[in-house]
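One structure is given here, and the rest of the page talks about it.
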Amino acid sequence: MELYPEIKTPHIPEIEKEIIEFWEREKIFERSINERPDAPAFTFYEGPPSANGLPGIHHVLSRTLKDVFCRYKTLQGYRVARKAGWDTHGLPVELQVEKELGITKKDVGVTISVEEYNRKCREAVMRFKDVWDRLTTRMGYWLDLENPYVTFENDYIESVWHLLKRLFDKGLLYKGYTIQPYSPAAGTGLSSHELNLPGCYKEVKDTSVVAQFKATGFENTYFLAWTTTPWTLPANAALAVGENIDYVFVETYNPYTHLRGTVVLAQALLHKYFPAENAALDFDAFKAGDKKIPFRVLKTVKGAELVGQRYEQLLPYIQPEGDAFRVIAGDFVSTEDGTGIVHIAPTFGSDDFRVAAKNNISAVVVTRKLENPADAYCAKESETLPIVDKEGKFVPEITDFAGRYVKNYTDDPDYVPVDIDIAVKLKQENKAFKVEKYEHNYPHCWRTDKPVLYYPLDSWFVKTSAYRERMAEINKTINWKPESTGTGRFGNWLENVNDWNLSRSRYWGIPLPIWANEAGNKFKCIGSVEELAKEIEYAIQNGVADQPFTPEGLRSGDFDLHRPYIDGVKLYDPECGVMLRQPDLIDVWFDSGAMPFAQHHYPFENQKAFQESFPADFIAEGVDQTRGWFYTLHAIAVLLEDKPAYKNVIANGLVLDKDGRKMSKRLGNAVEPFAVMEEWGADVLRWYMLENVSPWENLRFNIDGLVETYRKFFVTLYNTYGFFALYANIDGFVVDETNVTPVENRPGMDRWIVSRLQSLITHVEREYENYEPTRAARAVQHFVVEELSNWYVRLNRRRFWKGEMNEDKKAAYETLYECLTAVVRLMSPIAPFSSEKIYRCLTGPIRDRAQTSKTLLPADSVHLSKFPRPEARYIDAELDFRMEKAQAACSLGRSIRRKHNIKVRIPLQKAMLVALDETEANAILAEKELIMSELNVKSVEIIPPHFLVKKAKPNFKLLGKKLGPKMKAVQSALENLSSDEVAAFERDGQITLALADGPVTLVGEEIELTTLEVPGLDVAGDGKTTVALDIAVTEALRLEGTARELVNRIQNRRKDLDFDVTDRIRVVLSENEAWNIAVKAHKDFIASEVLAVSLELGTVTEGAEIEIDEAVGKLYVERV
RNA sequence: GGGCUUGUAGCUCAGGUGGUUAGAGCGCAACACUGAUAAUGUUGAGGUCCAUGGUUCGAGUCCAUGCAGGCCCA
């Protein structure tokens, strides 16, 4: 009867599919949560992916991590609910839709209605949901996919509104006009954490210009100011200098126009533009085209003296209304690069904006009548705009460059950088002093890959800066893995955090629930659908009709809170009359950061569920989320709840290709997760990714390494199970929990592996608790491969296959069974499929009984079982030491055999082991049998210590402090001691060394006696263990060796003929003087080894060729 | 330019609080083993522990500076 299914050379993907079916059929995941309503909760938050792109291999890494700790905590008895979620709003979706429709942002509301546009977005966003769900299922990531939270649903939006309203009521939402990163290609401002997304900063080459601004207070004199954005020069309104910086007036020629004049720049930067040797040149000898331009420093002044000087507008396209074109003081001015004079364009830089406002400098702007008042932030007729419009084009007033993009925003292949044309114009007009290419890092929009502009925008902000310290303080209570991400990357960022810009001027997202009066100075924030209904009711009562929603409709659930509907809602205020909605959407990062609240539709429903699940015990995402989701969760939680949002967090690293390069579609080095799982299995992938490097390090994904994991770990594990199954089936072994051999009554080998197992359980539990999955995986793998398989099973094979069932055999089965059932539970969080498979195979025969008697392993699934409890009383340090000693002895003994070329099949007379004391001697003798069989020797003897030659070494740790500089002299003195002197020390326990600078007395443990030799014997040692072998091969030993060779050949033949392990055979062997005597002498031995009923020497006509030490013959084997 | 991080064998990685001869697996080579065989054992080759300075009797380990890679920011 097959109690335990046999699994030959496991094809893991097939097994996994069978397990997935089993889980679904038996609802194992649901049961792991629902069957323990009273268990303590362990809360996990799923960071919502966006389903409008395909999942990659890096998603498998972070999702494996998430899964591991949820499964682990489940084994520890916790109730681990985990809700899936979808991030559905935002720019990626909008851009994808625009691309598919072949439109841009400015077409929305023109060629396509907002309604239609948003419907397309809603469709597009879940496009790959199926693929994501398939990945989740296939990789064994347990998550409640049936009831996910979805950020575009009304309930979710309502919860977000509630949070916004709470912020508003606390005075933490405000409207401001600032210079912000803005993406013309995407048509929206970007938050600072969006600029922190990977790959945003790129090395680019721009045209930089040192422009000449003609001073009005000096004769023929120009201020030099440097910029890497020449397109901002038409907006120049001021020049900034450092008050304490020294500036020089330099007479020279312009390199382009060759006109003579005086230029002003920082003294520290003089020689960047004027090589010192040119000071000697003759002014009169200069002619146009000369490479070397003469110069002469006329005077030096402090920056403070320049403040207040005026200059002519550089590019006078537009006249500002107020005062401009002055030299002002700026604290940010340095002499690191440029000229020490900074060009100020108030509309295109945040420093510029600030310093201009402070000095009452007017910006260069144009005024426009508003065509579409709905696009304004409040009802008004006109607005001022910078000289570049929101698409990134110069306004018509900049006549020479009107309509030209300041950067290549449209992927036009013929795009000519406007910067270059501006530079040319400046050169011609004697307004440029130097033009060159300049390479620098510049931020780019994360979706469009286009350079960002700094641009003036009206926006709503969350006043996160007010909570800087509190956020940093609360962050200290969070357990970060790795710690440095929490203290460094995240902690440093919190300490310098700026206000969070919430506004996005797009269409597909959560609308900002704020309404404003016409003057734009009174606001109302709506915090729920019911509140909205009431306000609409109130507005209608006051004559504000024409509403997109009716109060009844809102209360019955028939509505959509998105644009464009919400835009039409008009509220009423008794003092200011009609209020219109602020047209902004909110930053999508707020959506996901709100998920602890909004996933439960808190506070409108599930108040208890929220309370119980906040803050989360654990979250995990990629390190790129540090300033993304990790931050937004933290900010919202601290501002509103004064608590962390999560207690433990793993920030995992990147998945790179095998050469350490980033994976990308362009390089073609991306690894397709489904393909890997189809070929090798999800378990192998999961195990490989976690076992290889700690998750927070970057993983170099190498398929060879993954294959190694399969062969090394998984095949070994399945083989070990297979070995158990093979013999347990033959013997009909079923563990009987009422009659298990007590561990203390089992043989040493069993007690040893049980002892190792207890240490393993303790170790693995500790590592999981510390969120160190890599250490846990490595510990399990080492135990399975080295200790269980290569040592315990290999050495105990005979106990399983020899003879009838007896106490010893039973103990062996029980021991191996215990090890396997424990191992599968330890590894199940990481490798949920194979552990399940083996668990089910092992526990199948006892499950019914176990469930009735509620004893040993009743669970239907390894994931419903309990994490093993370590039994400290079975940990036996002495036994561990004994086995370590024996392993070392066997290893060393084999190296001696190898040195003398004596095969292990030939028995040797004796092995001799050095024992330093009685404990060691006992340890060796206890494993005598093992050493004898492993080394194939007839006896094991102890060499007493007095036979040894010892060497003395200082104990550096002890003596270092005591001796200090004398250390070296003592070391060499000890090395030169004669063996008699060492022996004397051993006897007396002390020794006095005569050193050059006086005698030194050393006692006891200050000297270590180590290296050992045994005079007259061939020994091998590793420093701790020393072994000698008697290498004389006598005739009798040689015959035994030959007999073993024959056993080997006959066994091979049996196998070739596909005989069953238990088949009895008849053997005939051709005569040969190389083995005739051996056969006669060891007939019984050979016959019993190969299960032969007869063994004869004779003539063999049909049979297999065999060869032993160059003697050839024939072998006939048949089944009886 | 700043923050964080990594640099140890051809490859992937270990190496608490400094202690002498720096380890493992894979790969490579040779030999062996064989009722677990897509295994296993033994041996070997393979290292200026990124560099330079410093602290120390002693540095892969601590400090400083630099170089190179990665991530995040200005």
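Residue numbering restarts at 1 for every chain, and letters A, B, ... go by the order of the sequence lines.
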Picking from B/G15, B/U6, B/A36, the nucleotide nearest the side-chain atoms of A/Glu697 would be B/U6
Under 4.0 angstrom, heavy atoms only, what part of the nucleic acid is A/Arg778 near: base, sugar-phosphate, or nothing?
sugar-phosphate
Would you indicate what A/Leu699 reaches in the nucleic acid, counting non-hydrogen atoms under 4.0 angstrom: base, sugar-phosphate, or nothing? nothing
Side-chain donor or acceptor of A/Ser789 under 3.5 Å from a matching atom on the base of B/A36?
yes
Next on the checklist: Taking the P atom in each of B/U55 and B/U61, what is the distance between them to the nearest angstrom?
Outcome noted: 15 Å
A/Arg627 atom CZ is separated from B/C4 atom P, nearest whole Å, by 11 Å
For A/Arg797, the side chain to side chain donor-acceptor pair (under 3.5 Å) test, sequence neighbours excluded, returns none
When you measure from the side chain of A/Arg1064 to the backbone of A/Val1093, do you find a donor-acceptor pair of N or O atoms at a distance under 3.5 Å? no
With sequence neighbours left out, the residues meeting salt bridge (Lys or Arg N to Asp or Glu O under 4.0 Å) with A/Arg1044 are none
For A/His58, the side chain to side chain donor-acceptor pair (under 3.5 Å) test, sequence neighbours excluded, returns none
Item to complete: Using a 4.0 Å heavy-atom cut-off across all strands, classify A/Thr485 as base, sugar-phosphate, or nothing.
Response: nothing
Applying side chain to side chain donor-acceptor pair (under 3.5 Å) to A/Asn698 and not counting sequence neighbours gives none
Its contact letters, B for base, S for sugar-phosphate only and - for none at protein heavy atoms under 4.0 Å, make nucleotides 25-30 of chain B read SS----
How would you label the contact of A/Leu654 with the nucleic acid (heavy atoms, under 4.0 Å): base, sugar-phosphate, or nothing? sugar-phosphate
| message | Counting the atoms with a prime plus P, OP1 and OP2 as sugar-phosphate, which does A/Thr720 contact under 4.0 Å by heavy atoms, base, sugar-phosphate, or nothing? | response | base
Base, sugar-phosphate or nothing for A/Val693? Non-hydrogen atoms, less than 4.0 Å. sugar-phosphate
Residues 779-789 of chain A, side-chain donor-acceptor partners within the protein, below 3.5 Å, at least two apart:
from     : atom 1 : to       : atom 2 : distance (Å)
A/Gln781 : OE1    : A/Trp687 : NE1    : 2.9
A/Glu787 : OE2    : A/Arg756 : NE     : 3.0
A/Glu787 : OE2    : A/Arg756 : NH2    : 3.3

The nucleotide from B/U37, B/A38, B/U40 with an atom nearest the side chain of A/Val715 is B/A38
Report yes if at least one side-chain N or O of A/Arg489 is closer than 4.0 Å to OP1 or OP2 of B/C72; otherwise report no.
no
